[in-house]
Number of protein chains: 2
Amino acid sequence: MAEEKAGKAAGIAPAQGAPRRNQRPLSIKDIARIARVSHPTVSRALQNSPLVNAKTAEKIRKIADESGYRASAVARGLVTRRTRTIGLVVTTVADPFASEVVCGVEQTANDHGYSVFLADSHADPERERKVVRAFAERRVDGILVTSSRVGALYLPMLKEMEVPIVLVNDQHPGAFVHSVMIANFEGMRAVAEHLLGLGHRRIAYLGDQFGYQSDAERLAGYRAALEAAGLSAAPELIAHGNSKPDAAMAAMERLLAARPTAVCCYNDMTALGALRQIRARGLRVPEDFSVTGFDDLFFAEYLQPPLTTVRQPMRRMGQLAMESLLRLMEGEESVPQIRVEAELVVRASTGRVKE
Amino acid sequence: MAEEKAGKAAGIAPAQGAPRRNQRPLSIKDIARIARVSHPTVSRALQNSPLVNAKTAEKIRKIADESGYRASAVARGLVTRRTRTIGLVVTTVADPFASEVVCGVEQTANDHGYSVFLADSHADPERERKVVRAFAERRVDGILVTSSRVGALYLPMLKEMEVPIVLVNDQHPGAFVHSVMIANFEGMRAVAEHLLGLGHRRIAYLGDQFGYQSDAERLAGYRAALEAAGLSAAPELIAHGNSKPDAAMAAMERLLAARPTAVCCYNDMTALGALRQIRARGLRVPEDFSVTGFDDLFFAEYLQPPLTTVRQPMRRMGQLAMESLLRLMEGEESVPQIRVEAELVVRASTGRVKE
DNA sequence: CTCTCGATTGCACACGTGTACGGCCCATTC
DNA sequence: GAATGGGCCGTACACGTGTGCAATCGAGAG
């Protein structure tokens, strides 16, 4: 374990200046005093209201700009009842899929003048309670969830605060919320068909036990492909991990006992573990065994061999989700559910079945 | 106190209709009316102030709890001048290193009642301006930066808002801020020594042109190891990318012309690209060529072969940074700079030099 | 019985911004 | 010359919470 130690900085003087602790930022009233007008006039001028004389408005804006005045979003939020703030929940930012979505969300949020509160739920009920409480107290205008493990009692809590909610890649049966989803069924069916086309007949499925709707749909896509080829998905060819590589290794070990020649993984993280286990068994990829992923995370094309997978436009999905949320926050009624196409990306981790 | 009827003259219950758009959350005054006390008493009761009678305080808390009251952090922030909010800047959340740090930061921030505003700078000056402006308007209590590409004029802008700042893994010469850093020099020296110990003599360095301080320190560590072994770092054995795999591929191609037998990469992302280029040249790792990384990102041990690298406790570093920021925000004067030890992790991507 | 003091509680502000409303000044119109 | 009206600006609130201060009440002390 790494230990930290205090750097022996040259001198005890972190003193960078005067005690500026009580220095408060200047307010609209300070600007008003300088410009010799009342503060409402300043307020209007800064909003480019047509109610103020063009000349004085210009003067006021100049003063505000030169003095480095920054309007308090806090005070404004209090009176307008809109904070221009959203809450973004993820299971963990450390997951590459979530990171990409967060990136897309943050970008479009900022482009529209919204700031985002980030919260990690870690799939921990206690922490989820705190997140909901925090968002409620912060008076966020909307909520966006990318947590794939939203608990049954979690969403209702969110619901309580009477604010629009958008989910990414998760849709509970009877959900009261909007969502942006990937075409799970079609995507997984496409990889399975790809493997069938390469001659594979014993194809395994390695899912995510916490994948809920997503896992169910992908599994269904896998099943559909097999059945269309006149095969049936044998129970011993199906196992579940938790989207972490080490759990995938364990699950893959069980699957190998059933002698498959290929495996469809729930996502790329799972494929990472599967690949390792397969190699540990002395099998070569793709000569002896084929592996597929889902997501097309940044590392997929840099693996050895590069991973055949299904691409999700993750950043774009974050953007779409945020755009839906923006419309909902504007009061629009008919914001549609969004379904994004998945794209099969064939690389070198899949090959013709060995004779 | 006079009992006020909350209902309007029309007397129609607003609880039914779909348009709950104007439904405002209940305030401290609503609770006060129900409890038949004044609102300051409610305020004090909810703060567990000893100034209110234990019985009434209990009653008030019960009412607040049952009615689902949530204190407005917005209003509180306005009057107390402290929002209990921090701004977190990253170059991009989509980078695994940043994600891990963010995770650590968010966790400890929330544990201390702080919410975090996340902002992506994307190393874009225009976007950086907007981030600073947003944080200033939101009246954040502190700022945390994990952007490895902080521009020269970016930090001064941050400085303007008179708020404590903590940097992670970046330290500008003459910096006015606090920071948490990894032992870049020692870490890179350790991997270089490891390669020297395996008999390598022509060892290349593949850096990050935007790594600034970090790159300079790691390069220095590499140099120090070579010189201690009586070697000198030839210029043709040094190249720079930008921490993205494809740029690393291009840089690695140039390096290979100098016929090295091993390469020290600035970080794991760089190693990803280097590995691919090396293989494209028909070289086997580690039989023909050795590769090392830095960071120990989640995928490092799942690469084929598993990557020898230097571990950074990224999440812990985020935690430490947040803890420093907390102390600074509490007004502590003597918060030390923090330096974290790096740990060499030897795996299979490095081997004895080929005869 | 009166005075004093401590325990509670309410009143009146403040925080920084937005906005309905009224008032002033000046030009135009009859 | 007076009435009208529009442009511009200030006054007076409101938003929801925190806090200094005064007021009230009851009990114990003298």
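Hydrogens, waters and symmetry mates are skipped; everything else that's a heavy atom, side chains included, is used. Residue numbers start from 1 in every chain, and the chains themselves are labelled A, B, ... in the order their sequence lines are given, proteins ahead of strands.
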Item to check | Given DNA chain C, 5'-ward residue of the pair B:His39 and B:Thr80, judged by closest heavy atom | outcome: B:His39
Checklist outcome for this item: Judged by nearest nucleotide, the residue sitting upstream toward the 5' end of DNA chain C, B:Leu78 or B:Ala57, is B:Ala57
Next on the checklist: Within the 4.0 Å heavy-atom criterion, would you say A:Val37 contacts the bases, only the backbone, or no part of the nucleic acid?
Outcome noted: sugar-phosphate
Item to check | Sugar-phosphate only, base, or nothing, as touched by A:Ser38 at under 4.0 Å among non-hydrogen atoms | outcome: base
Under a plain distance cut-off of 3.5 Å, with no hydrogens placed, do [Y] and [X] share a side-chain donor-acceptor pair?
X	Y	answer
A:Asn110	A:Glu106	yes
B:Gln319	B:Thr108	no
B:His122	A:Gln107	yes
A:Ser121	A:Thr91	no

Checklist entry - Any Lys/Arg nitrogen of A:Asp30 or A:Arg33 sitting under 4.0 Å from an Asp/Glu carboxylate oxygen of the other? => result yes
Checklist outcome for this item: Footprint ends on DNA chain D, 5' to 3', for atoms under 4.0 angstrom from a heavy atom of chain A, come out as D:dC8 to D:dG16
Below 3.5 Å is the cut-off: list the nitrogen or oxygen pairs between protein and nucleotides 21-25 of chain C, distance only.
none

Checklist entry - Where does the angle between the aromatic ring planes of A:Phe135 and A:Phe117 fall among parallel (under 30°), tilted (30 to 60°) and perpendicular (over 60°)? => result tilted
Checklist entry - Roughly, in whole Å, what's the span from CD1 in A:Ile31 to P in C:dG18? => result 13 Å
Checklist entry - Could you give the CZ-to-P distance, from A:Arg84 to C:dT17, as a whole number of Å? => result 17 Å
If we only count heavy atoms from C-beta on, is the [X] to [Y] side-chain gap below 4.5 Å?
X	Y	result
B:Ile338	B:Ser179	no
A:Val168	A:Met314	no
B:Lys55	B:Lys59	no

Item to check | Contacts of B:Thr56 that satisfy side chain to side chain contact (heavy atoms under 4.5 Å, CB included) - sequence neighbours left out | outcome: B:Asn53
Checklist outcome for this item: side chain to side chain contact (heavy atoms under 4.5 Å, CB included) filter on B:Thr83, not counting sequence neighbours, yields A:Val74, B:Thr85, B:Arg139, B:Asp141
Item to check | Axis deviation across the helix from C:dC1-D:dG30 to C:dC30-D:dG1, five-pair ends, to the nearest 10° | outcome: 70°
Checklist entry - Out of C:dT9, C:dT19, C:dT17, which has the shortest distance to the side chain of B:Val52? => result C:dT9
Next on the checklist: At a heavy-atom distance below 4.0 Å, what parts of residues 59-67 of chain B sit against DNA chain D?
Outcome noted: none
Item to check | Taking every non-hydrogen atom, the tightest pair across B:Ser99 and A:Ser99 | outcome: OG-OG, 3.2 Å
Item to check | Gap between atom NE2 of B:His112 and atom CD of B:Glu323 - 0.5 Å precision | outcome: 6.5 Å
